[in-house]
Amino acid sequence: MTVPVVLLALLPLAACGTPPELRQPTRQTAAAPTPTATPSPTPSTVAPTTPAVPTLSPTASDLVAVPCRSGPSGDRVIALLRGSAGVLPRTVRAEVRTGPLCAGGWQYTVLDVTGHEQLQVVTRGRPTALKLVTAGTDVCGVEVRAVAPPGIRTLACDAVPGA
């Protein structure tokens, strides 16, 4: 009776065969291409496809921030901070250390503020209608990272102020 028990125990193992990962791959023969004796017609030209969504590439004026030729002046940036933005009180002395530097309609300015750390300022818009984006010791916020041109983003997010 022990032989049937042993056979019964070995039967499931014998039925499995070689596991698939250990089997030799089957040979697949590919048919060799046959040469054609007749010339083929002239190939049709395929027009290159253009992407459905236009890619926005920065212009040269966006890539690098340069001194603003047509404004705003440093005094205009300080006036904005003292005025409607309410960032600088009138009693605090502020002096432009760097800038304004412009790229793609945005401006970056660094101010020395008496009794305080340097103040970085990011603005945008025309010199006569300047809008404050952000001001502080770290101006690399969401709007600057997401929307600002590369020249401004580099200054605001990568540069060390006053260096």
Side-chain angles (χ1 to χ4, degrees), residues 20-21 25-26 28-163:
E21 60 271 6
T26 59
Q28 296 180 358
T29 56
T34 57
T36 57
T38 59
S40 61
T42 30
S44 64
T45 56
V46 177
T49 58
T50 57
V53 178
T55 13
L56 299 175
S57 58
T59 63
S61 67
D62 292 345
L63 296 175
V64 178
V66 296
C68 301
R69 280 189 251 163
S70 57
S73 66
D75 290 338
R76 175 69 182 105
V77 173
I78 292 171
L80 173 68
L81 295 174
R82 290 191 196 281
S84 60
V87 174
L88 279 177
R90 296 202 181 277
T91 58
V92 174
R93 185 170 176 262
E95 186 177 286
V96 175
R97 177 175 180 95
T98 305
L101 302 173
C102 291
W106 289 61
Q107 303 83 28
Y108 174 83
T109 309
V110 177
L111 304 174
D112 284 329
V113 181
T114 304
H116 300 281
E117 293 182 68
Q118 284 183 338
L119 184 65
Q120 298 175 65
V121 183
V122 177
T123 53
R124 69 189 294 189
R126 296 184 326 266
T128 56
L130 209 54
K131 294 180 184 173
L132 178 65
V133 175
T134 186
T137 56
D138 180 9
V139 293
C140 188
V142 174
E143 185 176 5
V144 171
R145 280 185 273 129
V147 184
I152 297 297
R153 193 170 46 246
T154 298
L155 291 171
C157 297
D158 301 335
V160 178

Asks: Can you check whether Leu111 reaches Leu81 side chain to side chain, under 4.5 Å on heavy atoms?
Replies: yes
Asks: So do the side chains of Val96 and Val77 get within less than 4.5 Å of each other, counting heavy atoms only?
Replies: no
Asks: Ignoring hydrogens, what is the shortest heavy-atom contact between Pro100 and Gly74? Give both atom names and the distance.
Replies: CD-N, 3.7 Å
Asks: What distance do Leu130 atom CG and Leu80 atom CG have between them, rounded to the nearest 0.5 Å?
Replies: 5.5 Å
Asks: Who passes side-chain contact (heavy atoms from CB on, under 4.5 Å) against Pro89, sequence neighbours left out?
Replies: Thr91, Val92
Asks: Got Arg76 and Pro127 here, is their nearest side-chain heavy-atom distance under 4.5 Å?
Replies: no
Asks: What pair of heavy atoms forms the shortest contact from Gln118 to Thr137, and how long is it?
Replies: O-CG2, 3.8 Å
Asks: Could you check if a side-chain atom of Pro149 sits within less than 4.5 angstrom of a side-chain atom of Leu63, using non-hydrogen atoms only?
Replies: no
Asks: How close do Leu88 and Ala94 get, counting heavy atoms only, and between which atoms?
Replies: CD1-CB, 3.8 Å
Asks: Give me the atom names and distance for the closest heavy-atom approach of Cys157 to Val144.
Replies: SG-CG1, 4.2 Å
Asks: Between OG1 of Thr154 and CD1 of Ile152, what distance do you get to the nearest 0.5 Å?
Replies: 9.0 Å
Asks: For Gly136 and Val139, which heavy atoms make the closest approach, and how far apart are they?
Replies: N-CG1, 3.7 Å
Asks: Rounded to the nearest 0.5 Å, what separates atom CD in Gln120 from atom OG1 in Thr134?
Replies: 9.0 Å
Asks: Please answer whether the main-chain N or O of Leu101 pairs with a side-chain N or O of Gln107 as donor and acceptor at a distance below 3.5 Å.
Replies: no
Asks: Are Leu119 and Val87 packed together at the side-chain level, in the sense that at least one heavy-atom pair is separated by less than 4.5 angstrom?
Replies: yes
Asks: Can you pull the side-chain hydrogen bond (donor to acceptor under 3.5 Å, both in side chains) pairs that have at least one residue in residues 138-147, sequence neighbours excluded?
Replies: Arg124-Glu143
Asks: Check Gly71 against Cys68 and note the closest heavy-atom contact, atom names and distance.
Replies: O-CB, 3.3 Å
